[in-house]
Amino acid sequence: MSGQLIVVSNRIPTAATPSGGLVYALHETLRKTGGIWIGSDPDLRPHASKSLKEIGDQSNYRRLAFELTQEDYDTFYLGFANSVLWPVCHRRGDLVQISRRYEKGYRRVNRHLAEQIMKVAEPDDLIWVHDYHFFPLALELRALGFTGKLGFFLHIPFPALGDLGALPPTADLARWLAAFDLVGLQTRSDVARCLELFRSEFGAELMNDGKIKYGEQRIAVRSFPIGIDVEAFVDAASQELDDTGIARALPRELVIGVDRLDYSKGLPNRFRAFGRFLEMRTDKSRRPSLLQIAPPTREEVSAYRDIRHELEELSGRVNGENADLDWTPVRYIHRNIDRNVLAKLFRKARVGLVTPFADGMNLVAKEYIAAQDPDDPGVLVLSRMAGAAEEMTQALQVNPYDIEEMSEALARALDMPLDERKRRYASCMERVKATDVAHWSETYLKALSASRDKMSWSNFNAEARSDA
Ligand code: ADP
């Protein structure tokens, strides 16, 4: 790498040593390479500053924050990012809320952020942009004359061509993406959908080297399946659960689900499938419990409030129909749990239920596998719609819309002989190790560094400006 690395993501770690998959991985990467990490300031301001603000000391790299006003937060973050792009990418066009205000806010925040980045970036720096909050950021940076390498990684599913119709016409995903040198996606299916978009674009051409030629630009589109910090998770899971209160309260047959409370995670169907399984079981002396940990997120968006109510009602119903004085079939917890405790809960659970309708990767699937005891592993029941399903072919894969199939998979997982459990675990664990998070960031950055020789962006700048 000739210049420095600049990472841009919506969230930026505030702790000196951040915990948690992606944030930890990027922290480790920047600790090695040095550079800058730019993210949004969580405190909203009446007037957003026009310059990035230095936040705290960090080992070997700088952390800079851009400020947002309440209007920015409402339109850019809650509005366009989470009420338009998120549902479109997760195949929920019915939940899209179109508003000109949202579009304007999204473009404005991206433009202002580009202006602020230009004050700290040098021409040969390498900028790595993360996620759907910043689709147009490269276009804005090119318009301001940035000529260095620009990479993008989308953590959520790439939308199918048919679903893109739910976006407003000004959201020109192909042109936004074409301003990057490298577009990184989670899976091969995401790459196929992205190529489908470019194929449908007038003037886009697939080159022999696999890149896309779009006007003057050459864009590489590749999959880089994200992973977890395997060693840290294995270590955390192997410690004894020292809170004996928790350990005592856990049933022998524990089924676990851990997700943000998001409509893409398929939680109502998971509860229905668990209820169906209880209803169908022939041996009524068996009393498994589903422990669902699902802290609420984005509650200002109405679809997120709706899912919370639906789940409360469903868990009440399953418990009402099945519970006994000494048995609660569904335990539904609404808060964040310490990652070390989470790892140990995963290890205790006979079954991990990961059943999203759509998911970029789903790190919980990888965490559940990493946490298992190799001599007595539990079974992962995994939705075919999760990105992780492409790699973890030995999980029990299910259709998250099919309640019967999920209920049967649950029964099969709880009864699975040790030999089969070990075999399936070993295969999944091999993939989890092969695609750990350090491997992910290293391979991405290597590909970005090699993505192109210097080229002129002059035509491109004129086009981008006319749109800004
Ligand atoms: P998403 O990024 O859509 O939330 P992922 O499964 O890819 O889904 O990642 C979620 C991450 O958040 C995982 O690392 C998981 O362990 C963590 N997480 C989810 N729910 C909780 C919780 N209740 N407490 C602590 N960590 C959680």
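Ligands are counted one by one from 1 in listed order, and the atoms in each one are counted from 1 as well. Everything numeric in this text was worked out from a predicted model, so none of it was measured. No hydrogens, no waters, no symmetry mates; every other heavy atom, side chains included, goes into these values.
Taking distance alone, with nitrogen or oxygen atoms compared against 3.5 Å, Asp359 stays at or beyond that limit from ligand 1. Polar contact with ligand 1: absent for Pro295 (N/O pair, distance under 3.5 Å). Some N or O of Val364 is nearer than 3.5 Å to an N or O of ligand 1, by distance alone. Of the N or O atoms in Trp86, none lie within a sub-3.5 Å distance of an N or O in ligand 1.
Remark: side-chain polar atoms of Asn319 are paired, donor with acceptor, to backbone N or O of Val330 under 3.5 angstrom.
One finds a salt bridge joining Arg272 and Glu310 here, because a Lys/Arg side-chain nitrogen approaches an Asp/Glu carboxylate oxygen to under 4.0 Å. One finds no salt bridge joining Lys344 and Glu240 here, because no Lys/Arg side-chain nitrogen approaches an Asp/Glu carboxylate oxygen to under 4.0 Å.
Residue-level proximity to ligand 1 for His155 is absent, since no heavy atom of it falls below 4.0 angstrom. When heavy-atom distances to ligand 1 are checked against a 4.0 Å cut-off, Leu342 comes that close only through its side chain, counted from C-beta outward. Under 4.0 angstrom from ligand 1, the non-hydrogen atoms of Glu367 all belong to its side chain.
Judged by the shortest distance from any of its heavy atoms, Met361 lies outside the 4.0 Å radius around the atoms of ligand 1.
A search for side-chain hydrogen bond (donor to acceptor under 3.5 Å, both in side chains) contacts involving Arg305 returns nothing, not counting sequence neighbours.
Taking every non-hydrogen atom of Lys265 and a distance limit under 4.0 Å, the qualifying atoms of ligand 1 come out as 1 (P), 3 (O), 8 (O). Atoms of ligand 1 found under 4.0 Å from any heavy atom of Ile293, numbered from 1 in the order shown, are 23 (N). Atom numbering of ligand 1 starts at 1 in the shown order; those under 4.0 Å from a heavy atom of Arg260 are 1 (P), 3 (O), 4 (O). Per-residue contacts place Arg339 under 4.0 angstrom from the following atoms of ligand 1 (heavy atoms of the residue considered): 14 (O), 16 (O).
Ring pair Phe134/Phe66 is perpendicular by interplanar angle, where above 60° counts as perpendicular and below 30° as parallel.
The side chain to side chain contact (heavy atoms under 4.5 Å, CB included) test with Arg276 singles out one residue from Ile403, Val318, Asn269, Leu410, and that residue is Ile403.
Taking all atoms of both residues into account, the shortest heavy-atom contact from Asp190 to Pro157 is OD1-CA, 3.5 Å.
Under the 6.0 Å distance and 45° angle rule, Arg298 counts as a cation-pi partner of Trp86.
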